[in-house]
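In what follows, chains are A, B, ... by sequence order, proteins preceding strands, each numbered from 1. Only this structure's heavy atoms are used, side chains among them; waters, hydrogens and symmetry mates stay out.
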Amino acid sequence: MAAVTVRLPDGSTKEFDERVTAFQLAESIGPRLAKAAVAATVDGVEVDLGARLPDGAEVTVVTSDSEAGRNVLRHSTAHVLAQAVLRLWPGAHFAIGPVIEDGFYYDFELPGGAHFSDDDLERIEATMREIMAEDQPFVRHEHTIDEGLALFEGQPFKREIIEAVGAGQDEVDAAADGASAASVSTYWNSPAFSDLCRGPHVPATGRLGHFALMRVAGAYWRGDDKRQQLQRIYGTAWESDKALAGHLHRLEEAERRDHRRLGAELDLFSFPEEIGSGLAVFHPRGGTIRRLMEEYSRQRHVAAGYEFVNTPHITKAELFETSGHLDWFAEGMFPPMELDGGHQYYLKPMNCPFHILIFKSRQRSYRELPIRHFEFGTVYRYELSGVVHGLTRVRGMTQDDAHIFCSRQQMAAELHSTMTFVLSLLRDFGLDDFFLELSTRPEDKAVGSVEDWDEATEALRTAALAMDLELVLDEGGGAFYGPKISVQARDAIGRTHQMSTIQLDFQLPQRFDMEYIGADNARHRPIMIHRALFGSVERFFAILLEHYAGALPTWLSPEQVRVLGVRDDHEEYAHKVADRLSAVGARVSVEPADEPLGARIRRAKLLKVPYILVVGDDDVAAGTVGVNRRGSELPVRGVEVVAFTDQLEREIAERRLPESAP
RNA sequence: GCCUGGGUAGCUCAGUCGGUAGAGCAACGCACUCGUAAUGCGUAGGUCAGGAGUUCGAUUCUCCUCCCAGGCUCCA
């Protein structure tokens, strides 16, 4: 047999006397690599370790500690999950079991309409460990469509996937499940179990084991809410117990930062049941933070040439008929109220039509453009009960909403300055890791000419590219009336959040017959840009809270300094210090000495107050304070009041951010 | 809206195989006057989410509604 040469990622080559498997290649390179190997790529295609390598192939060994390798582990673990469920519930149907971020899931339908309970997860996990102990091989087979259908007799979901392929439909989706136009592939583990799958898989189930089942949930078959609901089990799998523990720890960390938990602990906001789902009230501390966010935003908007407007919360139905909202957004709106002899009034879900009416209140000249109307506009949306979530998905929210009306010639410059403005504002709040997403024309529900869409999309793209940030394309993700750019921010623990949106709109100006008089004395239609930088104040609040784990920068903290006297006869001095700080605009409180100092310090720490000042005999005598700064190990004694006041004043004025994320 | 799991004191939770409930923290009172993350003792606090049904009797079983969590679908 002819010698075989394969090329490795570092550019080197290796020769063999015969066609070796990917695993043999790994072994020939080193035992550690062979041990870590879970799959390989040959000329860019992922294959099993057992695959024989063709001559001249470019081969990469995929190891379990890479993202690709973990995905192989997760996919294989998902198969074991399915096998365990079929072992425990004979006659169960299994649907799909893909890899997702940090884990996997598998969808099932249990016989007799049974459902998984939390206790079942433990049983399933135990059975999975048995299967792993059995070290069953993953053996790949290719089948024709008919063979596949026969093999999955009694498994309607598998057959549906295969049938879709046979009918020449849905090829792309089906390929992911192990089917291509000509054939389907399966992985055989034991006489009792094989699964439709594209692979690759680890060589045997003994290779797995660092996994956990997380939860059960319902999920629609094929994600379609018209179709039946299946039982989904979520799990996670990693290359080692250490990596698994790390993941579980990250989940705990995220839970610790959960804004709903922090909102209660820090006494910021609540959702009284008496008011209704998704409707928040902000307590004094939360209200202070909101006020500070809004005040700073207002200040920046004034400087950026926005004008402030105010509009009501309800309106006659006709306004939303004109805007088109009742055609395409009605299900997102609260039902109408009937008033004034049959007139229907709606709570507003968006502010745009109101701002348009302000534009239209008199004739406009090109000399006025661009006109930028800004409002903290409170809107109400009837979110389905299952989607309401903390402050991030609510039924009543306040948008930092503005609409820019400009000429086509001004559009590019406006987009550019808006983008610059957005990023600058977000950075001032301490978010600095961004990428942009460009959402283009939705195929099925777009209105307006393709030329308009193209022009608008290009204008957005140009503005986005000028920001020198990563730009991701969201094909077909735009609203029906225009394309949009959204700013995505990564927070302190690496999660991404959609923040600002900048949306171009040719439609509403037309629907409302907006116009201005140009230099040519003719009527022209303005372009409209919708933009919200926080998105909603509530949501931005939640993101900031989680980003800082509740320890907001001093300038945003509801209570910046708490002064504690060591004994109650230090209280007079404590108040003197507090007055000095209040005089420079700081938010300060003094707590009486009715508890031991340690307990009072603990309370202040739990509230994440940036500065705790302790004053005792020495301080009264010397005019100093003891400074216990949030995040620092040791307090600093004997700081001159003037020196502390000066540095605090500077820190607030500069809106300084915490030195390191907490 | 759909699926699963929940709702017991202000918070975190225990408990009742159907006989109306308990802890820790918090609150309140008294004592303690203290130098950097929990002082001690005491008191009060619950239509066991709400409603209906079954039952001699329901916080417990059944049904409905509301609210919450995690998903699905949707979305700022």
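Remark: A:D617 engages A:R567 in a salt bridge (Lys or Arg N to Asp or Glu O under 4.0 Å) (not counting sequence neighbours). When the ring pair (Phe, Tyr, Trp, His ring centres under 6.0 Å) test is applied to A:F644, the partners found at least two apart in sequence or on another chain are A:Y611. Under the rule for a ring pair (Phe, Tyr, Trp, His ring centres under 6.0 Å), A:F211 has no partner lying at least two apart in sequence or in another chain. Annotation: ring pair (Phe, Tyr, Trp, His ring centres under 6.0 Å) contacts of A:F104 (sequence neighbours excluded): none. Residues satisfying the ring pair (Phe, Tyr, Trp, His ring centres under 6.0 Å) test with A:H497, not counting sequence neighbours, are none. A:T645 is linked by a side chain to side chain donor-acceptor pair (under 3.5 Å) to nothing, counting only residues two or more places apart in sequence or in another chain.
Judged by distance alone with a 3.5 Å cut-off, no donor-acceptor contact links the side chain of A:D617 to the base of B:rG35.
Pairs passing the salt bridge (Lys or Arg N to Asp or Glu O under 4.0 Å) check and including a residue from residues 92-112 of chain A, sequence neighbours excluded, read A:D107-A:R232. Applying the side-chain hydrogen bond (donor to acceptor under 3.5 Å, both in side chains) test to pairs two or more places apart or on separate chains, those with a residue in residues 590-602 of chain A are A:E595-A:R603.
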Across nucleotides 37-43 of chain B, 5' to 3', mark each nucleotide with B, S or - according to how protein heavy atoms within less than 4.0 Å reach it.
BBB----
Summarise protein proximity over nucleotides 67-74 of chain B in one line of letters, 5' to 3': B for base, S for sugar-phosphate only, - for none, counting protein heavy atoms closer than 4.0 Å.
SSSBBBBB
How does RNA chain B read in dot-bracket, base by base from 5' to 3', with Watson-Crick or G-U pairs under 3.5 Å and | used when the partner is on another strand?
(((((((..((((.....[..)))).(((((.......))))).....(((((..]....))))))))))))....
Would you tabulate the nitrogen or oxygen pairs shorter than 3.5 Å linking the protein to nucleotides 50-52 of chain B?
none

